[in-house]
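Reading through the C-alpha cells given below for one structure.
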Amino acid sequence: MTLADSSITTGLKTWQRCRALAAYVLSVSRKRSILSVVFLILGSFSEGVSLLLLLPLLQFISAQGGGTVLDLPTGLLAPVLGASFQIELWLILVVFVAVVTIGALFARFKNIYMSALLVDTVNRLRIDLFASISRARWSAVARKRTADLDHVLTGDIDRVQTATASLFLLIQNGVFLCAYMLLSLMISWQMTAIAAVAGALVFVALRPIRKQGAIFGDKLTTERQRQYRTISDFLAGLKVTKSFNAEPRYIAELNGTLERMRGDLMRYTRINSLGTTLFQILSAVMVCLFIYVAYAVYAMPFSRIIVLLVIFMRLSPRFTGTQDHLQNAIINLPAFETMQRVKADCDAAVEIPQAAATPAPAGLKHSLDFETVSFAYGDHLAVDAVSFSLPAKQITAIVGPSGGGKSTMADLVMGLLMPDSGRILIDGVALEAAHGPSWRTHIAYVPQETYLLSATVAENLKIAAPHATVDDMWQALRQAQAAAFIERLPQRLDTPVGDGGIKLSGGERQRVALARALLRQPALLILDESTSALDRENTQGILSTIDALRGQMTVLLITHNPVVVECADKVITVEGGRVLSHGVG
Ligand SMILES: Nc1ncnc2c1ncn2[C@@H]1O[C@H](COP(=O)(O)OP(=O)(O)OP(=O)(O)O)[C@@H](O)[C@H]1O
C-alpha cells in the first residue's frame, strides 16, 4: 500500500484495535500503566470495603432497634478477633472514615497517573508520527495530500485521545465490576450469580449496537477526511476562489459532507439510544425481580437485601458506562489505525537519518555529472536518459519549455529524487540515497514558489543558518538586493512577515528567500525561476550578485528568462525530459 492510500482503514476487528492501542500505551510507560492499574484496583476495593461496612452498621442499628443480628461479618471476623468481640458503633464509623480516606487517596493517585499516561500517550503518538513524516523520502511524502497529513496529526489524534480515555474508563469499570461482584459474592452467591447471568445476557444483547458503532467509526474517519480536504483546499486557494466567485462550490461540498455526517450520526444515535433505553427498562425489571427472589424465594434478611441493592444500584451506572465507554472507544479506534498506517508507510519510505547517512563528498570541487539519468513519475517519463555536467564554481543554466523536466532535474541534483536508471556523480562519486541528507547540507535551494514562515524576517533567514549573526544576515540581504526594503520595515529584521510572507510583495519575498539561501554559504546554489517576480532593475541587481558568486560556489539556474541566461557560463536546453543542446552562455 502506498502512502497515498494509507488513510483507507483496513477493517481490523475492534479487539485487535484495542489490543494495538493498549500495547502502545504500555510501550509509552510500562511503570505508569502498572501503577495506574494497581491504584485503580486498590481504590475500587477500598470503595467496596466501605460499602461492606454498611452491613455491620445496619446490623448494629437493627440490633439496637430489636432487629435480627446478622452473623456473616462477625462470623468472618471471629477467628481473628475472638468470639467475644462485639461490634460497636464508634468502631464501625472510625473504620468507615479510614477506609473511605484510603480509597480517596488511592483514587487521587490513580487519577494523577492515568492523566499523565494519557497526555504522554497522545504526545508520543503525535511526535512519533511527526518524526516519521519528517524522516520519509520526499518522493513518498509528496504523493500524500497535505490535508490528510494535517488531519492525521490533529483531528485523528484528538479521536485517539478519546479512544484512549475510553479504554482507561473501561478498565476502571472492569475493575469496579469485579470488586463489587466479589463483595456481593460474600453476601449471597445465589443472588450474585443471578445478577451476573442477567448482566452478561444484556451485554450480549447489545452486541449488534456495538457493531453499528464500529461501522459508524469507519464512516466518520472517511467523512472527516473529506471535510478536512475541502476546508484545506478552500483556505489554501482563498484568493483564487474569491476571484472566480467559486465559494458556493466549496460551501456546497462542505455542506454535503456535513449532511452525510449528520445522517450517519443520527442513525447511529437512534440505535444507540434505543440500547440505553432498553437497558434502563431491563435494569428496573431486574431490580424488581431481584427483590422478589431475595425476599420471597431466599427469605433473605432485610439488611442484606439493602446492602445488595446498594451494591447493584452502584453497579448499574458502571454497567451502562461500560457499554458507553466501549462504544466511544469503538467509534474512535479507527483513527489510531489510520495514524499507525500512515506512520508505517512513512517508516517504510524512510530516508537514512542525517547522522547515520553515508557522508557525501565534502562540497563540490570539480563537477556534478548526470550519466544517462532517467526518472519517471509512475508511468510518466519526466527525465529521459539525460547526460550533462555542472562544472564546479561556475554558473550553469537549464532552460526549456514548461514541463520539460527542469525542476525534476533540480530535485535529482538535490537527492530528493533518486534516478530510476543512470547515475549522478559528485566529483566522480555516485550519489546514493544514503548520501541525501548529508549532501543537502552543501546545497541551498530557492524554489519557484517562495516559502516564508509566518515569523519575523530574522527567523525566516535563520532557518537556513541557525547560528548566523545579525551582521551575516544584513550581508546576505545586501547580496540579495533586499537590505533597502528591510531597512524601511518598522522593526527591520524583527518585523513579522505575515502568513506565508503575505505582508511582503512577491518580489520582496523572492529576495528574502535568496538572502536565506546565500546565508547558508552553500557549495551549490540552485535557483528555480527565482527572479520571476522581480522587475528589471531588481533582476539586474540579483544577476550582478550571482555574477559575483562565480568562482565561490556552483550555481544552477533554472529559468525561462533570456536575461538571466546571459549571466550563465553554460546553458543546457531541455525539452520533453531530454537534453537538446549544451551551449556556452
Ligand atoms: N509530482 C509529480 N507527479 C507526477 N508528474 C509530475 C510531478 N511533477 C512533475 N510532473 C510531470 O513531470 C514533467 C516535468 O515536470 P517539471 O516540473 O520537472 O517541468 P519543468 O520543466 O520544471 O516545468 P516548469 O518550467 O513549468 O516548472 C511534467 O510533465 C509534469 O507534469
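In this chain, numbering begins with 1 at the start of the sequence shown. Here the structure is a predicted model, which means the values were calculated and not measured.
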Could you check whether any side-chain heavy atom of [X] comes within less than 4.5 Å of a side-chain heavy atom of [Y], counting everything from C-beta outward?
| X | Y | answer |
| --- | --- | --- |
| Met261 | Thr257 | yes |
| Phe234 | Leu254 | no |
| Val28 | Leu125 | no |
| Leu452 | Arg516 | yes |
| Met414 | Tyr445 | yes |
| Arg226 | Arg229 | no |
| Thr469 | Asp472 | yes |
| Gln479 | Leu549 | yes |

Which heavy-atom pair separates [X] from [Y] by the least distance, and what is that distance?
| X | Y | value |
| --- | --- | --- |
| Val383 | Met409 | CG2-CG, 4.0 Å |
| Lys406 | Gly400 | NZ-O, 3.0 Å |
| Pro419 | Leu412 | N-CD2, 3.7 Å |
| Ala476 | Leu518 | O-CD1, 4.4 Å |
| Arg550 | Cys567 | NH2-O, 2.7 Å |
| Arg511 | Ala480 | CG-O, 3.2 Å |

Keeping the roles fixed (side chain from [X], backbone from [Y]), state whether a donor-acceptor pair exists under 3.5 Å.
| X | Y | answer |
| --- | --- | --- |
| Thr456 | Asp494 | no |
| Lys365 | Ala392 | no |
| Arg17 | Phe336 | no |
| Trp439 | Val413 | yes |
| Asp427 | Ser367 | yes |
| Arg520 | Ala444 | no |
| Asp150 | Thr146 | no |
| Arg509 | Leu504 | yes |
| Asp547 | Leu543 | no |
| Thr495 | Arg492 | yes |

Between the side chains of [X] and [Y], is a donor N or O closer than 3.5 angstrom to an acceptor N or O?
| X | Y | value |
| --- | --- | --- |
| Thr408 | Asp411 | no |
| Asp420 | Ser374 | no |
| Thr222 | Gln225 | no |
| Thr338 | Asp156 | no |
| Asp128 | Tyr24 | yes |

Using a 6.0 Å cut-off, check whether atom [atom1] of [X] has over 12 heavy atoms from anything other than its own residue.
| X | atom1 | value |
| --- | --- | --- |
| Trp138 | CH2 | no |
| Leu26 | CG | yes |
| Gln521 | CD | no |
| Tyr228 | OH | yes |

Handout entry: Evaluation steps, side chain to side chain contact (heavy atoms under 4.5 Å, CB included), between Leu431 and Val429
Key = CA-CA 6 Å; Leu431 182 64; Val429 177; over 6 Å; no
Problem - Stepwise side chain to side chain donor-acceptor pair (under 3.5 Å) test for Gln161 and Thr164 - result: CA-CA 5 Å; Gln161 179 159 359; Thr164 314; over 6 Å; no
To the nearest 0.5 Å, what is the distance between [atom1] on [X] and [atom2] on [Y]?
| X | Y | atom1 | atom2 | answer |
| --- | --- | --- | --- | --- |
| Ile558 | Glu529 | CD1 | CD | 8.0 Å |
| Asp369 | Leu425 | CG | CG | 5.5 Å |
| Gln552 | Leu525 | CD | CG | 11.0 Å |
| Leu557 | Leu527 | CG | CG | 5.5 Å |
| Ile395 | Lys570 | CD1 | NZ | 13.5 Å |
| Leu333 | Ser166 | CG | OG | 8.5 Å |

Problem - Residue pair Leu453, Val497: steps toward the side chain to side chain contact (heavy atoms under 4.5 Å, CB included) verdict - result: CA-CA 8 Å; Leu453 295 181; Val497 298; over 6 Å; no
Practice task
Go through Leu153 and Met339 one step at a time and tell me if the side chain to side chain contact (heavy atoms under 4.5 Å, CB included) criterion holds.
Solution key: CA-CA 8 Å; Leu153 281 165; Met339 285 192 70; 5.8 Å; no
Practice task
Carefully, step by step, assess Leu417 and Tyr377 under the rule side chain to side chain contact (heavy atoms under 4.5 Å, CB included).
Solution key: CA-CA 10 Å; Leu417 301 175; Tyr377 294 104; 3.8 Å; yes
Exercise for the section: Given side chain to side chain donor-acceptor pair (under 3.5 Å), test Asp120 with Ser29 step by step and report yes or no. Expected result: CA-CA 8 Å; Asp120 288 351; Ser29 174; 5.9 Å; no
Exercise for the section: Before giving the answer on salt bridge (Lys or Arg N to Asp or Glu O under 4.0 Å), spell out for Glu253 and Arg249 the whole-Å C-alpha distance, their side-chain angles and the decisive distance to 0.1 Å. Expected result: CA-CA 6 Å; Glu253 205 171 299; Arg249 176 185 164 266; 3.5 Å; yes
